[in-house]
Structure formats: structure tokens, C-alpha cells
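Residue numbers start from 1 in every chain, and the chains themselves are labelled A, B, ... in the order their sequence lines are given, proteins ahead of strands. Bear in mind that the values here come from a model prediction, so they are computed numbers and not experimental data.
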Number of protein chains: 2
Amino acid sequence: MTKRSSSTRLESKELTRQALIRAALKLLSQNSFDSLSLREVTREAGITPTAFYRHFDDMEELGLVLVEESFQSLGEMLKDARSQSSFDGDTIKMSLAVVVMHMHNHTSHFRFIARERYGGVRRLRRAVNRELQLFADELAIDLVAMPGVDKWTTDDRRMLAGLITETIIRMVAELLEIGPDEEPEIVERTKCQLRLISLGVPAWDGALAAGRA
Amino acid sequence: MTKRSSSTRLESKELTRQALIRAALKLLSQNSFDSLSLREVTREAGITPTAFYRHFDDMEELGLVLVEESFQSLGEMLKDARSQSSFDGDTIKMSLAVVVMHMHNHTSHFRFIARERYGGVRRLRRAVNRELQLFADELAIDLVAMPGVDKWTTDDRRMLAGLITETIIRMVAELLEIGPDEEPEIVERTKCQLRLISLGVPAWDGALAAGRA
DNA sequence: GATTATAGTTCACATATGTCAACTGACATG
DNA sequence: CATGTCAGTTGACATATGTGAACTATAATC
């Protein structure tokens, strides 16, 4: 009985917490994280600077939460992409469509990831790259379904997954910089790049071969 | 006669200008550009804040100069890579060695490029990506020498060059984050990725084919 | 209904920033 | 040698920042 009614207070706290997060993401579409001040964020969120500390110890802590949230988006994207993946020969096209769609629905998350991946805050960079690694590993699992790849070593699969992930990430980063009219061109180029990679797959003879060739 | 002796004054100005540039690059190894303050830079360079304006209108102008300087490094690297490129089957290995070497000699330039490419300052991002584009185009020229590629369309070549450039850039960015002991692993992985790409090249059937497949 | 916990505010501080106006001093020119 | 140019300094300003101490008000507990 004592626990059920304790919701309104926590709920409203969560509300302004979300306001802080959204405020930060909004501001981060124009500046990078380490030039973002605590006061800016609270101003945008509509609260007093000192109230910030009721939610986070630190701006860095906020940043880490942003990383977490951003990658939840990515995770959902992967789920969608998997459900679409019919492997009817048009996997690349389908997957890219899913990515582009999610990018439009979660612009700020994607931009945050792209920007802070090599950004000026060490812990953030590390966190982003760790998550990105997990993401690529996840992708590597799916790649087993690709004809031929199932016989590859784990390392080789990760190598491939890394290449694909990077190529897609770069596409997203590029798309975020341009207008909608230039989108098809970039997407098409990426499609070609992924296809080129996929053409190399059947010819792959292992990392060792690469070493001596 | 009036012009010859006017060197000392200009020389010393150039000296502190270089000091500002070096100071900025040093500080940028830890923070991103848009969190870098004019005063920090002048402090590091050993001059007064207001003296900054004798050299640059603006921090942004300094930033653009940094872009220019950084890509001069890259240009020299390309020259070196070309002279090495014996095409004896080990081109990839050779080229990567050149890149890694240059990275060690110009750490701050490379880091600056990687960081500001998707960083928080619009004009800087644009400048970096413009130069990167030129760099990739330059690489595309060299690719004609690759068997088969000489018959490709210009667009397809640029697509290939973009993929290669990106892969190498990402390797550099990764190398900058880690210790020297982990270097070989990253380089090896990149070598494999480039090899995988090169294996796709002979099988490439054009952008149109990619469109319908 | 009285009491307590706490999200958010107010006020205050020390410190950092970009930039202006006026100055200094050394070099370069006449 | 007298003079003007100009790189760099001084001092000051308005403004921004992070954060501490004390406060207010309201929801949750007894």
C-alpha cells in the first residue's frame, strides 16, 4: 500500500529529466558536447541551473545517458532491419531504406553519435565506440546468413561487419550534412559501395591469405 | 633596397603566428575546437589575449588555417605513398605503412581532421570535408592504374576512392585512440578490409548493375 | 492533519570569457 | 636622427560559467 501511490512525484521528476535530455539533444545539433554548458541546457529545459544537480552529478553523466539513449534507437533499428531482411537479393536496398528512415525519425541521436564518436570528451568517445563495437558484433551474427560467410573465422566476420558498419555510419553522417535533394545520390553511392564489398566476399580467402598476398 | 631589410619584423610576426597555431593544435589534442577559447590559445602561445587579433580576425579563421595546414601534411603523404607504390602486389601493405608513419609524425593534424570532420563548427566541417573530397578524387586518379578499374566510369571510380579513403581515415582515427601495442591488430584488420574491397573490384559490373540487382 | 523529504528556486561567489581603448617600444622608413 | 608603423601589453568592461547555502512549496508518509 505504501508503494503504489508514490508515482506522481517521481513521474514529474522523470518529466524534467526528459526535458533536460531533450534540451541537450536539441542544442547538440548545433554545437559539440564539450562546448555545451550546464546553464544552456537548463535554460533550454526551462529550469534553474542548480536544479540540474537533482538529476545528474555532472554534464558528463548527462552525456553518458545520451549515449545510452541514442543506442537504444540503433538497437530498434537493427530489429526492424532484421524483420525486413528477406534475403531476396535486395537486402542492401532494404536495409539502407530502414537506416535512412530511422535516421529521419531520430536525427538528433544519430547526429550525436556521429559527432561525439571522435569528439572532444574522452569518456563519451569511449562509450560511443564501445556501443558501436557491440552493434557491429551484432551485425556480424546476421552475416553468417550470407552465403559463404558461415565458413569464415570469427575475426574475419568482425572485419567484414566493421567495414559494413562504418560504411553505413558514414552515409548517415553525410546525409546529416546535406539537404533532402542530395540524399538519393549519397544513398546510391553507399549502395554501390556495399555491393562492391559483397562482391568481394565470395573471393575472400582468409586473413592469412591477405597477410601473404 | 628598401625591401630587403624588412624581414626581421615580418619574421617575428610569423613566429608568433606559428606559436598560436602550434598552441591551438596542442590544446586540440584534448578538447574539440568549439570548446577552445581564444584566451586559452594565447595563454599557451605565451602572448596577450588581445594580441591574437593581430594575426586572426577570429577563432574560426584560425580554425580554417589549421584545416589548410593539416591537409598540406596529407598531401605530402600522398606524394610519399605514390613514390612507394611499386604495384608489386603489396601495394596495400606499403600504402598503409606510409599512412601510419605520417600519422605518427603529424599526430595533431590527423587528430584535428578526424575530430572536426563531424565536429560542432559548421564552416570547419565543411572545409575539412571539401579537402577530404579533393583527397579522394586525387586517389581516384591513382586507381586507374588498378587492373580493370581503367574501364570504370568516373562515378564508379569516385565511389571506390571514397570507400578506400574512408576506410583508411577510420583506421587512423582508431589508431589515435589506442596504445602502440594494439596498433598491429588495427592495421591488420584494415589491411584485410582493403583487400576484401580489392577482391570485389574484378567482379564489379557497374553502378547500373548494382541498381537492378 | 502534522511532519518529513525533496524538486526546484533564489541569491551569491569566484572565475572565465571576448573585446575595446589607450598605451609602449622597437623596427623601418624618410 | 627623427618619425611613423605596428606587434604586443595593460587595464577594464560586460557577460557567461559552475556551484554552494539557504530557502520554498508540494507530494508522500506517519
Chemist: In whole angstrom, give the distance that lies between atom CD of E11(A) and atom P of dT6(C).
Modeler: 17 Å
Chemist: Could you check how far NZ of K13(B) sits from P of dC6(D), rounded to whole Å?
Modeler: 9 Å
Chemist: Would you indicate what R17(A) reaches in the nucleic acid, counting non-hydrogen atoms under 4.0 angstrom: base, sugar-phosphate, or nothing?
Modeler: nothing
Chemist: Is there a donor in the side chain of T16(A) and an acceptor in the side chain of H55(A), or the other way round, less than 3.5 Å apart?
Modeler: yes
Chemist: Starting at atom CZ of R9(B), determine the distance to atom C1' of dG8(D), rounded to an integer number of angstrom.
Modeler: 14 Å
Chemist: When you check the phosphate oxygens OP1 and OP2 of dG8(D), does a side-chain N or O of T16(B) lie under 4.0 Å from one of them?
Modeler: yes
Chemist: Whole-Å distance between dC23(C) P and R54(B) CZ?
Modeler: 15 Å
Chemist: About how many Å separate OG1 of T107(A) and CG of L25(A), when rounded to the nearest 0.5 Å?
Modeler: 10.5 Å
Chemist: Please round to the nearest 0.5 Å and tell me the distance separating atom NZ of K191(B) and atom CG of D90(B).
Modeler: 7.5 Å
Chemist: Distance check needed: dA7(D) P versus L15(B) CG, whole Å only.
Modeler: 14 Å
Chemist: Quick one: which of dT19(C), dT17(D), dT17(C) gets closest to the side chain of E40(A)?
Modeler: dT17(D)
Chemist: In terms of side-chain heavy atoms, does E14(A) have a donor or acceptor partner in Q18(A) at a distance below 3.5 Å?
Modeler: yes
Chemist: So which nucleotide from dT19(C), dT17(D), dA28(C) ends up closest to the side chain of T8(B)?
Modeler: dA28(C)
Chemist: If you go through the side-chain atoms of T48(A), does one of them form a donor-acceptor pair with the base of dT10(C) closer than 3.5 Å?
Modeler: no
Chemist: For P49(A) and D57(B), take the nucleotide of DNA chain C holding the closest heavy atom to each; which residue's nucleotide lies nearer the 5' end?
Modeler: P49(A)
Chemist: In terms of side-chain heavy atoms of R39(A), which of dC11(C), dT17(C), dA12(C) is nearest?
Modeler: dA12(C)
Chemist: If I take atom CD in residue E14(B) and atom C1' in nucleotide dC6(D), what distance separates them, rounded to the nearest angstrom?
Modeler: 16 Å
Chemist: Measure from the side-chain heavy atoms of A51(B) and tell me the nearest of dT10(C), dT19(C), dG8(D).
Modeler: dG8(D)
Chemist: To the nearest 0.5 Å, tell me how far L163(B) CG sits from L196(A) CG.
Modeler: 6.5 Å
Chemist: Q18(B) CD to dG8(D) P: how many Å, rounded?
Modeler: 13 Å
Chemist: Starting from P on dG18(C), measure out to CD1 on I47(B) and report it in whole angstrom.
Modeler: 13 Å
Chemist: What is the nucleic acid contact for S37(B), judged by heavy atoms within less than 4.0 Å: base, sugar-phosphate only, or nothing?
Modeler: sugar-phosphate
Chemist: Looking only at the side chain of L38(B) (C-beta and beyond, no hydrogens), which of the listed nucleotides dG18(C), dG8(D), dA21(D) gets closest?
Modeler: dG18(C)
